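Below: the structure, in structure tokens.
Source: prediction; values computed, not measured. By convention here, the first residue in the shown sequence is residue 1.
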Amino acid sequence: MLDLFGCPHLERILDGYQRAAPLADGWRDRVGLHQLFPLLVHTVLFGRGYADGALTTARAALMR
């Protein structure tokens, strides 16, 4: 979620997280899959402005 809407200093946050509780290998490859549901919810709640992002994310997840 931090990455989805543009968190400032995201890399610093992720570095701290990795030191405290390392994520599984390949986690970056799965970020889009985890972002898909919130994108779809935002599309329903706030309109078509989120639809393109949701479709792009879904297509990328299917290509993996």
Side-chain angles (χ1 to χ4, degrees):
M1 288 299 292
L2 293 173
D3 188 36
L4 183 58
F5 296 111
C7 175
H9 312 293
L10 179 60
E11 288 305 314
R12 288 181 61 196
I13 294 168
L14 292 174
D15 288 343
Y17 193 97
Q18 284 292 90
R19 285 192 298 273
L23 295 166
D25 290 340
W27 70 268
R28 286 190 189 264
D29 295 332
R30 295 184 296 276
V31 168
L33 187 58
H34 291 281
Q35 292 175 340
L36 186 56
F37 181 74
L39 283 168
L40 292 170
V41 170
H42 274 72
T43 301
V44 170
L45 294 177
F46 304 114
R48 187 168 173 81
Y50 291 94
D52 289 337
L55 286 171
T56 299
T57 301
R59 286 183 182 122
L62 289 172
M63 298 307 267
R64 295 196 184 275

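- Note that CD of E11 is 5.5 Å distant from CG of L14, once rounded to the nearest 0.5 Å.
- From H34, atom NE2 reaches atom CG of D3 across 12.5 Å, with rounding to the nearest 0.5 Å.
- Residues C7 and I13 share a closest heavy-atom pair of SG-CD1, 3.5 Å.
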* Show your working on side-chain contact (heavy atoms from CB on, under 4.5 Å) between Y17 and L2 and close with a plain yes or no. => CA-CA 12 Å; Y17 193 97; L2 293 173; over 6 Å; no

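- Between Y50 and F5, the ring planes are perpendicular. Angles over 60° get that label, and only those under 30° would be called parallel.
- Within the 4.5 Å cutoff, no side-chain heavy atoms of R30 are placed close to those of L23.
- In the hydrophobic clustering of ILVMFWY residues, with side-chain heavy atoms under 4.5 Å counting as a link, L36 and V41 come out apart.
- By the criterion of side-chain heavy atoms lying less than 4.5 angstrom apart, applied directly or through intervening Ile, Leu, Val, Met, Phe, Trp or Tyr residues, M1 is grouped together with F37 in one hydrophobic cluster.
- Test L33, L4, L39 against T57 for side chain to side chain contact (heavy atoms under 4.5 Å, CB included) and you get one pass: L39.
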